[in-house]
Amino acid sequence: MKILAIETSCDETAAAILEGPEPGTMSQNPCLQLLSNVVVSQVDIFAAYGGVIPEIAARSHLEAILPVIHQALNDAHLHPQDLDAIAVTHAPGLLGSLLIGTLTARTLAILWQKPLFAVHHLKSHIYANWLPTASKSSLEKVPAFPLLALVISGGHTQIIYMPEHNHFEIIGTTRDDAIGECFDKVAKILGLPYPGGPSIAQCAKKGNQRKYPLPHPKVDDLDFSFSGLKTAVLRSVQNACDLDITTPSYELKKHLSAQQKADFAASFQATACDILIEKLELALERYPETKSLVFAGGVSANQALREKARQVFEKTQSGLNLRLFFPELQYTGDNAAMVATAAYFEIISGVQPTDPYKLNILPRTPIK
Ligand SMILES: Nc1ncnc2c1ncn2[C@@H]1O[C@H](COP(=O)(O)OP(=O)(O)OP(=O)(O)O)[C@@H](O)[C@H]1O
Ligand SMILES: [Mg+2]
């Protein structure tokens with residue numbers, strides 16, 4: 001079956017077509033083929049503002065959505081009548097952005113008479129780990145259940161337990177900022193370009209991660225908190241520059257040398273990674289039956305995190321047969337290939353299509 005997926009939850013307008021075996025031929029590792037994958041990012045527009053402006057994002061989606069879908073069909077050498085289903089991100093995300101994607105998908109589902117599947121954005125980030133890749137061909141290359149997924153993105157920081165396909169239990173979540181948001185805000189303090197995550201990772205390469213010790217939040221259980229870490233960086237920068245705590249954050253960058261910026265980037269990145277790893281260790285103690293540890297979302301592109309996770313879990317947990325999964329770098333940020341993959345596993349798990357006349361967007365709903 002061929003699925004056209006549409007993603008517009010934030011500032012990427014994306015469409016992709018995925019082909020998989022017909023439902024009923026359930027296998028742990030079905031042979032999936034990505035026929036096309038088109039992403040138009042608005043990152044260049046928002047670099048000038050240092051962040052996403054929802055109204056501009058929605059208007060940009062409106063301009064890009066039909067050409068992007070057209071391109072996805074062309075790249076796959078398909079016509080609308082060749083499609084078996086349409087999938088779309090309906091939650092969570094920016095209200096105006098979600099509206100453009102869902103209204104387009106609903107209209108096409110009605111016009112082309114295709115079943116419509118509504119997909120939660122975090123499901124898609126997790127299912128990026130099932131996307132076919134050149135190096136991923138054998139059975140052991142897809143995650144085994146039960147698994148723990150660490151979703152680390154611009155809007156979320158969660159640990160999710162998955163006993164099987166399409167079943168999600170949130171076992172830890174952030175109580176304030178998301179980790180990606182924290183990378184972006186710290187980058188702003190240091191005067192590094194938007195988006196902050198890749199800028200911090202790049203700048204940290206020349207830095208000393210032990211130069212500026214930063215605190216770990218004291219949050220019980222498997223929950224996270226990142227707003228204190230952001231403030232700790234702010235205070236530490238003010239202190240290193242001999243400035244008063246009332247000095248506004250946007251004035252600090254001009255007082256920092258290139259080496260200080262690198263040292264702050266490295267110290268922050270190392271602390272943020274350690275916080276994630278500590279919580280994953282605790283989660284594995286609570287869920288010792290876990291067979292795979294799956295990373296998902298924009299921050300899972302971070303190489304320092306990948307290295308640290310491999311060091312910690314592949315070494316100490318090898319007796320448990322724990323396997324680690326990271327999405328290919330091109331699938332860590334928002335794209336529609338992951339939406340199509342999530343929809344495929346929804347369909348073969350027996351999820352029924354949604355009524356295109358009734359589908360609502362849900363800007364802040366948790367994964368279910
Ligand atoms: N190499 C990296 N290291 C750390 N953070 C990164 C890296 N690359 C991207 N990021 C961060 O990932 C975030 C974007 O990820 P993503 O696109 O998954 O989030 P989003 O779609 O905005 O939010 P959500 O998925 O929660 O709705 C940004 O905060 C960005 O700074
Ligand atoms: Mg996202």
Side-chain angles (χ1 to χ4, degrees), residues 5 7-14 39-43 46-47 50-54 57 61 89-98 101 119-129 149-158 160 170 173-174 177-190 192-205 207 224 226 229-230 265-266 268-276 295-309 326-339 342 361-367:
E7 155 67 40
T8 62
S9 67
C10 189
D11 58 344
E12 268 88 22
T13 318
V39 184
V40 170
S41 176
Q42 302 168 15
V43 71
F46 296 122
V52 177
I53 297 171
H61 283 308
T89 310
H90 75 121
L94 298 173
L95 187 145
S97 295
L98 288 170
V119 181
H120 190 283
H121 184 65
L122 297 193
K123 248 189 219 187
S124 304
H125 273 306
I126 295 172
Y127 272 102
N129 286 281
L150 178 70
V151 179
I152 38 180
S153 62
H156 295 84
T157 311
Q158 296 190 333
I160 294 169
I170 301 170
T173 192
T174 183
D177 292 356
I179 187 164
E181 190 183 350
C182 191
F183 267 87
D184 294 336
K185 286 177 177 166
V186 168
K188 242 183 183 174
I189 295 172
L190 302 180
L192 302 174
Y194 173 86
S199 304
I200 295 235
Q202 183 60 29
C203 185
K205 285 182 187 162
F224 298 93
F226 285 101
L229 179 58
K230 172 194 66 191
F268 163 72
Q269 178 176 257
T271 308
C273 293
D274 286 345
I275 293 168
L276 295 175
F295 292 75
V299 183
S300 73
N302 189 279
Q303 294 301 329
L305 175 66
R306 290 182 178 212
E307 272 163 38
K308 198 164 275 187
F326 302 93
E328 278 211 344
L329 288 182
Q330 58 173 322
Y331 302 130
T332 51
D334 292 350
N335 64 84
M338 66 185 193
V339 181
I361 58 159
L362 299 165
R364 293 182 64 84
T365 200
I367 193 169

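FYI, side chains are in, hydrogens and waters are out, and symmetry mates aren't considered; it's all heavy atoms of this structure. Atoms within each ligand, like the ligands themselves, are counted from 1 in listed order.
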of all protein heavy atoms, closest to atom 14 (C) of ligand 1 is G154 N, 3.9 Å
Quick note on ligand 1: atoms under 4.0 Å from a heavy atom of H125 include exactly 18 (O), 25 (O)
Does G93 come within less than 4.0 angstrom of ligand 1, counting non-hydrogen atoms of the residue? no
In this structure, atom 27 (O) of ligand 1 is nearest to the protein heavy atom H121 CD2, 3.4 Å
If you compare S97, G197, A187, C10 by their heavy atoms, the one closest to atom 2 (C) of ligand 1 turns out to be G197
Short version for E12: what comes under 4.0 Å of ligand 1, heavy atoms counted, is neither
| said: Distance alone, cut at 3.5 Å: any donor-acceptor contact between the side chains of H61 and T13? | reply: yes
Answer yes if the side chains of H121 and E7 hold a donor-acceptor pair under 3.5 Å, and no otherwise.
yes
Looking at V43, L329, D334, the heavy atom closest to atom 17 (O) of ligand 1 belongs to D334
Of A272, A91, G297, G155, the one whose closest heavy atom lies nearest atom 23 (O) of ligand 1 is G155
Q. Is H125 close enough to the Mg ion (ligand 2) to have an N, O or S atom under 2.8 Å?
A. yes
In terms of the angle between their ring planes, are F295 and F326 parallel, tilted or perpendicular, with boundaries placed at 30° and 60°? parallel
Here the pair of heavy atoms bringing S153 nearest to A178 is O-CB, 3.8 Å
In this structure, CZ of R306 is separated from OG of S300 (nearest 0.5 Å) by 5.5 Å
Residues F226 and C182: closest non-hydrogen pair is O-SG, 3.6 Å
One finds that the ligand 1 atoms under 4.0 Å from a non-hydrogen atom of G180 are 29 (O)
Atom 30 (C) of ligand 1: closest protein heavy atom, distance to 0.1 Å, is D184 OD1, 3.8 Å
Going by the 4.0 angstrom heavy-atom rule, the piece of V299 near ligand 1 is both
Near H156 (heavy-atom distance under 4.0 Å), the atoms of ligand 1 are 24 (P), 26 (O)
Of all protein heavy atoms, the one nearest atom 18 (O) of ligand 1 is G298 N, 2.9 Å
Under 4.0 Å from one or more heavy atoms of F183, ligand 1 contributes atoms 4 (C)
| message | Are there over 12 heavy-atom neighbours, none belonging to K230, within less than 6.0 Å of that residue's NZ? | response | yes
(message) What I'd like to find out is whether the side chain of I126 reaches to under 4.5 Å of the side chain of M338, using heavy atoms alone.
(response) no
**Study point:** Any N/O pair P92/ligand 1 closer than 3.5 Å
**Key:** no
Quiz item: Of the backbone and side-chain N, O or S atoms of H121, does one lie nearer to the Mg ion (ligand 2) than 2.8 Å?
Solution: yes
### Task
Check the pair N302 / Q269 against side chain to side chain donor-acceptor pair (under 3.5 Å), numbers first and verdict last.
CA-CA 9 Å; N302 189 279; Q269 178 176 257; 2.9 Å; yes
Among the N/O/S atoms of D334, the Mg ion (ligand 2) lies closest to OD1
Ranking G196, G333, S153 by closest non-hydrogen atom to atom 24 (P) of ligand 1, top hit is S153
The answer for which part of Q303 has a heavy atom under 4.0 Å from ligand 1 is neither
Open item on the list: Tell me whether N302 has any N or O atom under 3.5 angstrom from an N or O of ligand 1.
Closed with: yes
